[in-house]
Amino acid sequence: MTLPSAADEMSALLAQVGRASRAYYDLDAPEISDEEYDLLFRKLQALERAHPELADPSSPTLRVGGTIASALPKARHAVPMLSLDNAFSADELAAWFEKITKVDARVATAPITVEVKIDGAALSLTYEDGALVRGVTRGDGSEGEEITGTGRAIDDIPLRLAGAGWPRRMEVRGEVYIAKAPFARVNHAREAAGLELLQNPRNAAAGALRQLDPSEARRRRLQFFAYQVVPLEGGWPVALHHDALTQLAAWGFPVAPGWEVCDSLAAVQRVIATWGERIRTLPFDADGLVIKVDAFRLQDELGVIGGRVPRWAIARKFPAESAFTRLVAIEVNIGRTGALAPTAILEPVRVGGATVSRATLHNEEIIAQRDVRIGDMVEVIRSGEVIPKVLGPDRSKRTGAEVPWVAPTHCPVCHTPLVKSEGEVNRYCPNAHCPGRAYEGLVHFASRGGMDITGLGPERLEQMLEAGLIRDAADLYALTPEMLRPVEGFAEQSAQALVMAIAESRGRPLRALLVALGLRHVGAAAAKTLARAFGTLPALRAADAEALEALEGIGPTIAGSVAGFLRDPDNRLLLDRLEGAGVALQESAVAGRGPRPLAGLRFVLTGSLPTLTRPDATARIEAAGGTVTSSVSKKTDVVVAGADAGGKRTKAEQLGVAIIDEAELLRRLAPGT
């Protein structure tokens with residue numbers, strides 16, 4: 001084939017494949033079969049291999065890489081991906097608006113955007129000079145998993161941006177989702193193939209993102225909506241969020257439909273009222289609306305609460321879907337902390353796009369308060385990926401055959417008498433060696449919120465416990481492929497992959513280990529505070545409850561729990577064994593090393609610095625031992641002020657807080673220079 005002929009054929013194939021993709025994804029009206037699409041796709045691939053000089057940089061063939069990763073590498077976000085607070089009523093939304101207006105009176109007359117809240121999986125995409133270079137899942141907000149290959153396989157994500165005007169380096173953030181019709185088709189195909197059905201679009205999308213094989217994104221028909229631009233390097237003069245949405249669309253990103261700009265809270269409430277029923281008619285799952293202060297400068301002044309939640313945005317959630325079904329039984333499990341966990345066993349019912357047969361009943365006090373009885377018709381609610389829960393019974397449906405539930409007095413696993421401390425709502429199994437506690441503890445240890453061990457789910461752990469391969473978390477790191485292969489379901493490749501995933505988890509930071517260990521009352525925020533303050537586990541083990549309680553956000557309850565855990569001989573032995581197995585006991589590769597000239601100091605950044613971006617300045621301060629917070633208070637030690645510093649500088653002056661510029665910050669970061 002001559003070069004001109006190849007170019008003509010390639011152009012025709014690009015048009016055909018592009019049209020077929022748009023018909024499938026955007027219009028939900030496939031024009032050709034999957035087999036025909038695959039044939040066209042392979043022809044295009046063959047031509048590109050034969051004539052690489054003719055290959056289009058945005059060709060759909062670049063979206064499906066042939067390499068299947070052995071594990072997903074971790075990647076830090078240049079700027080943390082935040083979580084939204086929720087408002088479930090007009091009154092709660094008004095209360096949020098009143099609070100932020102008190103922080104900055106300009107909010108009262110500032111424009112506000114209202115956007116659809118897609119029920120998907122958050123993804124951050126890095127572009128350099130308009131080209132996609134990296135994709136990272138949200139993870140814990142600070143660190144996610146790199147899934148660049150999977151991101152390239154999603155047709156909605158531009159490999160190269162259209163138009164112009166983008167920052168030289170930036171992140172584009174959005175939601176990956178599966179629309180309702182494609183989800184139904186995927187499940188229909190899985191059912192025909194005898195495969196387990198996917199439970200709901202959101203979890204299916206999140207699961208496909210974390211698959212080691214990028215082609216799973218195409219099989220599950222993943223799509224993407226963009227909602228945020230995070231400039232990292234280079235100019236970008238956009239000052240309003242709604243202008244950023246318009247720019248994203250111009251660059252080639254899909255943006256969720258129906259967003260509006262309002263000039264008052266009353267206007268926002270009117271827009272929300274129009275979405276009550278309309279939101280259920282969308283072709284994708286959405287569970288509410290996102291309300292944002294529109295001006296970026298005002299967003300910056302309002303700041304972030306606790307390093308996690310933006311003060312300038314909130315999710316207005318709509319009532320979750322619910323359904324009534326029969327409560328067949330109440331099953332009791334023992335959680336990792338020994339707490340009694342009653343679970344409702346239900347006649348299967350469809351709720352929120354998934355079939356529900358189990359739901360939480362929280363604890364025995366709630367069961368008694370709501371008068372839930374075995375045999376009742378109960379209302380079950382489910383929203384997004386939240387665990388289904390029983391709201392209460394429909395007493396009008398009672399026949400008299402319903403039976404009140406009586407809480408057990410002994411552990412259902414090890415038969416140890418249960419205890420209930422004063423002021424606690426749960427009964428606990430006090431046996432630290434209870435097999436039920438061990439199993440739940442291992443499930444938590446391996447979970448995404450803990451050590452995040454890919455492929456090590458509840459069923460695998462149960463198999464290993466029954467086979468006698470493990471007793472606690474330290475035993476995981478002694479596993480070999482040869483030990484796993486006799487276990488049902490393990491082939492040579494899967495056994496090797498799991499051992500590699502376990503080995504990879506050795507490098508998790510201290511905060512992840514603290515969460516994974518399952519200390520009572522210690523969640524992600526407390527673990528992060530402890531890890532940052534002490535740097536290494538040996539330093540934390542040497543601290544007493546008084547030193548712990550002195551940390552902001554660590555009250556007597558958390559401090560007592562941590563100190564008690566670290567004093568326990570069995571726990572100390574477990575920690576020693578984890579250290580012997582090579583598990584990292586420090587917050588980062590540099591934790592506790594090198595100079596820390598800003599140790600113990602609290603900083604606030606405001607305004608535009610001459611050379612440092614906000615993320616760069618934050619990273620440098622934290623690496624030097626300092627802490628960066630979003631708002632100025634009496635506890636703030638230093639405010640670093642740049643151009644257009646605004647209200648934070650004024651407040652610092654009123655409080656007598658030291659104010660420095662970027663040059664002084666750099667000098668303090670490198671003492672003696």
Side-chain angles (χ1 to χ4, degrees), residues 21-22 25-26 58 63 75 77-84 113-139 141 144 146-148 150-179 201-202 205-206 208-209 217 221-232 234 236-261 282-292 294 296 299 310 313 315:
S21 291
R22 284 192 295 275
Y25 287 102
D26 300 338
S58 61
R63 297 187 178 278
H77 298 294
V79 176
M81 295 186 76
L82 305 175
S83 301
L84 293 175
T113 56
V114 181
E115 302 166 63
V116 173
K117 185 177 183 299
I118 303 99
D119 194 13
L123 179 63
S124 179
L125 305 166
T126 301
Y127 285 81
E128 293 182 358
D129 296 320
L132 176 65
V133 297
R134 192 176 76 157
V136 181
T137 63
R138 182 185 184 280
E146 184 172 341
I147 48 84
T148 307
T150 300
R152 290 181 179 277
I154 300 173
D155 280 359
D156 281 347
I157 293 176
L159 302 179
R160 179 167 290 280
L161 302 182
W166 52 78
R168 198 202 75 76
R169 184 166 174 267
M170 66 175 180
E171 287 185 17
V172 172
R173 294 175 175 179
E175 293 283 320
V176 174
Y177 69 99
I178 304 176
R202 189 203 185 284
L209 272 183
R221 312 302 186 190
L222 296 189
Q223 295 176 254
F224 181 77
F225 276 133
Y227 59 70
Q228 185 182 15
V229 178
V230 181
L232 301 177
W236 196 54
V238 174
L240 300 173
H241 173 65
H242 79 268
D243 286 337
L245 295 177
T246 301
Q247 186 64 72
L248 282 165
W251 288 337
F253 290 98
V255 174
W259 59 267
E260 296 189 43
V261 183
L282 293 171
F284 52 85
D285 280 349
D287 57 358
L289 302 169
V290 179
I291 318 301
K292 297 176 183 175
D294 197 39
F296 291 141
Q299 289 182 7

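From Leu248, atom CG reaches atom CZ of Arg173 across 12.5 Å, with rounding to the nearest 0.5 Å. Here His77 contributes atom NE2 and Leu82 contributes atom CG; the two are 10.5 Å apart, rounded to the nearest 0.5 Å. Interatomic distance, Thr137 OG1 to Ile147 CD1, rounded to the nearest 0.5 Å: 6.5 Å. The CZ atom of Arg168 lies 5.0 Å from the CG atom of Asp129; values are rounded to the nearest 0.5 Å.
Side chains of Asp294 and His242: a donor-acceptor N/O pair is present below 3.5 angstrom, by distance only. Ser124 and Arg134 share no donor-acceptor pair across their side chains, judged by distance under 3.5 Å alone.
Taking the side chain as every heavy atom from C-beta outward, Val290 and Val114 never approach each other to under 4.5 Å. Looking only at side-chain heavy atoms (C-beta outward), Tyr127 and Val172 come within less than 4.5 Å of each other. The side-chain heavy atoms of Thr113 and Ile291, taken from C-beta on, include no pair separated by under 4.5 Å. Residues Pro201 and Asp119 are not in side-chain contact: their nearest non-hydrogen atoms beyond the backbone lie 4.5 Å or more apart. Using a 4.5 Å heavy-atom threshold, the side chains of Ile178 and Gln223 count as separate. Residues Leu289 and Glu115 form no side-chain contact, since every pair of their non-hydrogen atoms from C-beta on lies 4.5 Å or further apart. Considering only heavy atoms from C-beta on, Val176 stays 4.5 Å or farther from Asp156 through its side chain. The shortest distance between side-chain heavy atoms of Leu240 and Phe296 does not fall below 4.5 Å.
Scanning all heavy atoms of the two residues, the minimum distance from Leu222 to Ala205 falls at CD2-CA, 3.8 Å. When all heavy atoms of Leu245 and Ala226 are compared, the closest pair comes out as CD2-O, 4.4 Å. Residues Trp236 and Pro231 approach most closely at CE3-CG, 3.7 Å, considering heavy atoms. Across Ala313 and Lys292, no two heavy atoms sit closer than the pair CB-CG, 3.8 Å. Taking each heavy atom of Ala249 and Val255 in turn, the nearest pair found is N-CG2, 4.0 Å. Of all non-hydrogen atoms in Gly120 and Glu175, the two that sit nearest each other are C-OE1, 2.9 Å.
The aromatic rings of Phe225 and Phe284 lie perpendicular to each other, with more than 60° between the two planes, well past the 30° mark.
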> Does the side chain to side chain contact (heavy atoms under 4.5 Å, CB included) test come out yes or no for Val230 and Met170, once each step is laid out?
Replying inline: CA-CA 6 Å; Val230 181; Met170 66 175 180; over 6 Å; no
>> Please evaluate residues His241 and Gln299 with respect to the criterion side chain to side chain contact (heavy atoms under 4.5 Å, CB included), reporting the C-alpha separation (whole Å), side-chain torsions for both, the decisive distance (0.1 Å), and the verdict.
In response: CA-CA 10 Å; His241 173 65; Gln299 289 182 7; 4.3 Å; yes
>> Is there a side chain to side chain contact (heavy atoms under 4.5 Å, CB included) between Val79 and Gln228? Walk through the geometry before answering.
In response: CA-CA 12 Å; Val79 176; Gln228 185 182 15; over 6 Å; no
> Should Leu123 and Phe224 be marked as a side chain to side chain contact (heavy atoms under 4.5 Å, CB included) after you check the CA-CA gap, both sets of side-chain angles, and the distance that decides it?
Replying inline: CA-CA 9 Å; Leu123 179 63; Phe224 181 77; 4.3 Å; yes
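Taking the six-membered ring for Trp and the full ring otherwise, the centers of Phe253 and Tyr227 sit at least 6.0 Å from each other.
When the options Val229, Leu232, Leu125 are evaluated for a side chain to side chain contact (heavy atoms under 4.5 Å, CB included) with Glu171, the one that passes is Leu232.
For Asp285 and Arg202, the salt-bridge test fails: no basic side-chain N is under 4.0 Å from an acidic carboxylate O.
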